[in-house]
Amino acid sequence: MLRSLQIEPEKCTGCLQCEMACSYQAEGVFNPSKSRIKIFTFHDEGRFVPYTCTQCTEAWCLHACPVEAIVINEATGAKEVIDDICVGCKVCTIACPFGTVNYNQETAVVQKCDLCGGDPECAKACPTQAITYVDSEHSGLERMRAHAAQNLPQDNA
Amino acid sequence: MAWTRNVLRVNLTNGSITTEPLNMQWANDYLGQRGLATKYLVEETDPTCDALSPDNKMIMTTGPLTGTMVSTAGRYSVVTKSPLTGCIACSNSGGYFGNEMKNAGFDMIILEGKSPTPVYLYIENDKAELIPADDLWGKSAWATDEEIHAKHQDPLVRIAVVGRAAEKGCLYSAIVNDLHRAAGRSGVGTVMASKNLKAVAIRGTLGVGNISDPTKFFKASQDGKKVLAENAVTGEGLPALGTQVLMNVINEVGALPSRNHQDVQFEGASKIGGEAMLEVRESDGKANLTTNGACFGCTIACQRISTVDKDHFSVKDKPQYHGNSGGLEFENAWSLGSDCGVDDLDAVTAANFLCNEDAVDPISLGATIAAAMELFEEGAITVKDTGGMELKFGSAEALLWATEVTVRGEGFGKELGQGSKRLCEKYGRPELSMTVKGQEFPAYDPRGIQGIGLAYATSNRGACHLRGYTVASEILGIPEKTDPLATDGKAGLVKAFQDATAVVDSAGICAFTTFAWTLEDIAPQIDAACEGDWSAERCLVVGERIWTMERDYNLAAGITAKDDTLPKRLLKDAAKTGPAEGRANDLHKMLPEYYEVRGWTLDGVPTDETRSRLGL
């Protein structure tokens with residue numbers, strides 16, 4: 001079963017546990033600036049929004065790469081960067097419509113979410129289940145359930 | 001271990017910036033943050049110095065856990081000598097500033113001297129520079145934050161900044177970071193402004209690491225998070241209602257001071273408490289509370305993110321206050337609300353926004369306005385002094401006016417900015433000042449909660465609930481219930497809370513974890529992040545060492561046992577209503593025993609034996 005990261009911004013508190021977990025998994029240090037998942041704070045609106053790669057099926061980054069450094073992990077569906085092949089040209093960072101591939105000046109190659117090989121650390125670290133790792137074919141299941149529940153008779157609750 | 005082992009030293013007088021190794025022997029003895037920075041201050045400054053002179057130093061400091069995945073581990077503190085109290089000051093803040101300092105590669109920033117002209121300190125990893133801030137001087141904390149972000153074209157810079165109040169000498173000015181998190185108490189912002197330092201802006205991308213045994217560390221931190229999630233206070237109460245969960249509870253037990261502590265219950269409490277913040281307004285169909293939020297790394301998320309009703313007189317036609325910002329914590333709702341007799345939720349929220357905008361401690365401000373209101377009603381202050389404003393208890397207009405002139409340092413606000421003690425002395429009624437060692441009380445009346453009275457009287461930074469929160473035991477039953485009206489055993493209780501809190505404040509974590517965590521939960525997390533064996537027993541000794549060192553600093557500064565007292569109102573005037581009706585605070589029954597359990601003389605001085613036992 002293919003799974004996807006599901007993000008529900010209304011549950012996010014902006015604690016950045018996901019950014020620490022991501023950076024530790026990838027870099028061995030707690031370093032939000034190197035996280036593949038980012039939390040955006042919309043101060044005046046009072047909202048925190050996590051954002052990361054959605055692993056497009058027809059991935060712009062993969063098609064744009066001139067040296068085929070971005071490959072599909074058949075088990076997880078993730079588009080992964082092969083560091084040894086990447087030449088740091090950054091064309092993928094331009095190609096990605098969502099901005100989720102980014103250059104890392106320390107490693108001189110690009111970095112993006114690779115779903116941690118099928119066990120994403122961000123989802124495990126999130127204390128409020130704003131980030132979950134769910135069946136790709138049923139990512140709307142909880143929302144469907146919430147809407148379905150609206151039709152329940154009130155006095156049966 | 002999770003230290004960077006680097007200290008940044010900035011001499012503002014001559015502009016020199018140097019890096020030196022962290023003193024690891026001291027880190028071993030004093031853990032970090034509050035304890036470690038106080039050790040540096042003790043070694044490097046004269047406790048008798050003028051707090052606002054170049055001789056005083058100001059230290060921004062993290063703990064060993066700051067910047068790690070331990071829950072709430074994003075804290076930093078500011079340690080200096082307080083201009084409000086003359087005591088040691090240590091004020092702690094959340095948000096995202098502490099972890100950014102660590103990520104830039106520094107455990108601590110020592111700021112010394114005084115810059116000849118206004119500057120701000122900009123740090124980008126190992127690059128640190130002082131940048132002219134003449135154009136920022138005279139601007140609010142919020143405006144300065146926005147301009148520094150724009151100037152560096154970097155939304156991820158984290159900024160700690162002072163507002164106009166600090167520049168104008170308000171003695172309880174705070175340092176605000178991330179717009180509404182604050183190193184709030186004791187005037188640490190006033191010290192910063194006295195050095196002509198407007199802001200410290202940091203961007204750190206180096207990461208926090210050096211964890212020798214990651215498996216052990218993740219096990220310990222995950223165990224800690226599980227305890228917080230499963231606890232009723234940290235897992236449910238604080239996320240849902242914030243610290244405002246306390247408003248109705250404290251009112252019911254007869255310990256919610258009102259009208260400058262003339263009363264111990266406030267009839268309008270339910271209108272300004274946590275539940276009221278959830279009620280939908282008629283005007284726009286929204287509640288005061290938009291959502292809860294977290295500081296860096298925090299899995300509790302007690303922050304209130306709120307709006308003021310756009311049609312309310314306080315913000316009408318002022319669109320800059322129409323968006324979401326930091327909402328009411330219990331302390332601020334009490335000081336600006338109950339203590340001033342104001343039950344208007346929008347007015348109190350707006351006053352709190354103003355405190356954040358110009359970086360002022362809302363506890364001291366609200367309590368000082370309350371004192372001014374009593375002086376006004378007694379006729380000691382008149383409309384001649386205020387320029388026409390009737391400073392009456394319960395007046396939301398008076399609250400907003402007094403807040404605005406104080407945070408901007410204008411007119412009568414300059415007098416309010418001197419704090420309750422100096423204000424009441426100036427107008428000939430010193431007995432009306434509800435302070436200890438010159439610092440205003442927080443939201444718990446020591447007539448209804450006896451132990452907190454002893455904690456206030458003996459707190460090393462003047463009246464404060466965060467130096468030994470016995471309310472946890474006396475009201476909430478954490479870790480075990482004691483009778484709030486009893487005095488027996490409170491000396492030992494206060495000591496235990498004071499020592500444990502010194503550890504929490506030195507580790508890089510939030511005091512609110514202790515609603516669920518004991519040192520048995522905290523020590524394994526320190527142990528997994530630090531070198532050497534850190535047990536709960538060792539932590540307690542370190543906590544006692546820190547407390548005693550702070551006491552010695554105050555003694556050297558001339559603050560002695562005669563200052564370990566409460567205002568006469570709390571010692572003589574009985575509570576008029578509630579469960580504590582007829583009671584005053586019986587400090588005299590607790591204080592001698594407190595000195596004894598501390599191993600101090602009856603004059604409140606640590607004995608040589610005690611100092612030697614603690615390695616001081």
Side-chain angles (χ1 to χ4, degrees), chain A residues 7-51 99 102-108 110-111 116 119-132, chain B residues 2 66-74 95-96 99-100 102-104 125 155-156 178-180 203-211 214 217-218 221-222 225-226 228-229 235 239 286 289-307 320 322-327:
Chain A
I7 288 168
E8 296 169 83
E10 64 279 6
K11 292 183 181 174
C12 178
T13 63
C15 75
L16 310 195
Q17 282 280 342
C18 57
E19 294 194 6
M20 280 191 280
C22 176
S23 58
Y24 198 89
Q25 196 277 335
E27 311 266 339
V29 287
F30 304 111
N31 189 353
S33 72
K34 296 288 187 284
S35 174
R36 280 79 168 143
I37 188 166
K38 294 285 183 194
I39 306 302
F40 294 89
T41 301
F42 296 88
H43 183 267
D44 287 3
E45 293 78 8
R47 255 303 172 84
F48 306 96
V49 184
Y51 207 84
N102 286 283
Y103 183 66
N104 181 330
Q105 63 177 327
E106 272 82 38
T107 57
V110 297
Q111 62 179 38
C116 299
D119 190 18
E121 295 294 334
C122 55
K124 287 192 284 183
C126 179
T128 60
Q129 288 80 52
I131 308 163
T132 48
Chain B
T66 306
T68 72
M69 269 181 84
V70 166
S71 186
T72 79
Y96 305 96
N99 55 290
E100 201 71 20
K102 265 280 188 72
N103 271 282
N125 295 334
L156 292 175
D178 303 288
L179 299 177
H180 47 72
R203 179 71 195 280
T205 65
L206 300 177
V208 175
N210 301 324
I211 305 283
F217 176 82
F218 284 110
S221 59
Q222 275 157 13
K225 287 173 195 168
K226 190 161 180 281
L228 294 177
K286 291 178 182 169
L289 183 76
T290 301
T291 187
N292 65 320
C295 295
F296 180 86
C298 175
T299 58
I300 303 172
C302 76
Q303 270 185 36
R304 304 294 88 186
I305 311 290
S306 286
T307 57
Q320 68 269 37
H322 290 181
N324 280 277
S325 196

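As a basis for the values below, the full set of heavy atoms in this structure was taken, side chains included, without hydrogen atoms, waters or symmetry mates. Convention: sequence-line order gives letters A, B, ...; per-chain numbering from 1.
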Which atoms of B:N292 approach chain A - backbone, side chain, both or neither, heavy atom under 4.5 Å: both
Chain A interface, residue from B:P155, B:P239, B:A229, B:G67 that has the most non-hydrogen pairs under 4.5 Å: B:G67
Is the shortest heavy-atom distance from the side chain of B:Y96 to the side chain of A:P32 under 4.5 Å? no
Could you look at B:T291 and say if it's the side chain, the backbone, both or neither that has a heavy atom under 4.5 Å from chain A? side chain
Okay, side chain of B:N324, backbone of A:E45: is any donor-acceptor separation there less than 3.5 Å? yes
Do the side chain of A:Q17 and the main chain of B:M69 share a donor and acceptor less than 3.5 angstrom apart? yes
May I ask you to check whether B:F296 and A:F30 place their ring centres under 6.0 Å from each other? no
Given A:P127, A:A21, A:G46, the one with more heavy-atom pairs under 4.5 angstrom with chain B than any other is A:G46
Which of B:T205, B:L179, B:I305, B:N99 touches chain A most, by non-hydrogen pairs under 4.5 Å: B:T205
Separation of A:L16 CG from B:C298 SG (nearest 0.5 Å): 11.0 Å
Chain A heavy atoms under 4.5 Å from B:L206: which part of the residue, side chain, backbone, both or neither? backbone
State the CG-OG1 distance between B:L156 and A:T41, to the nearest 0.5 angstrom. 9.5 Å
Nearest 0.5 angstrom please: A:S33 OG to B:N125 CG, how far? 7.5 Å
Within a radius of less than 6.0 Å around CD of A:Q105, do more than 12 heavy atoms belonging to other residues, nucleotides or ligands occur? no
Name the option with the most non-hydrogen atom pairs under 4.5 Å to chain A; the candidates are B:T290, B:T299, B:T72. B:T299
Can you tell me if A:K124 has over 12 outside heavy atoms packed within less than 6.0 Å of its NZ? yes
Hey, does A:V29 have a side-chain heavy atom less than 4.5 Å from the side chain of B:V208? no
If one checks every heavy atom of B:S325 against chain A at 4.5 Å, the contacting part turns out to be both
To the nearest 0.5 Å, tell me how far A:D44 CG sits from B:H322 NE2. 11.5 Å
Would you mind checking which part of A:F42 comes under 4.5 Å of any heavy atom in chain B, side chain (CB onward), backbone (N, CA, C, O), both or neither? neither
Using heavy-atom distances under 4.5 Å, tell me whether B:H180 contacts chain A through its side chain, its backbone, both, or neither. side chain
Do you know which of B:S71, B:G207, B:G323 has the most heavy-atom pairs with chain A at a distance under 4.5 angstrom? B:G207
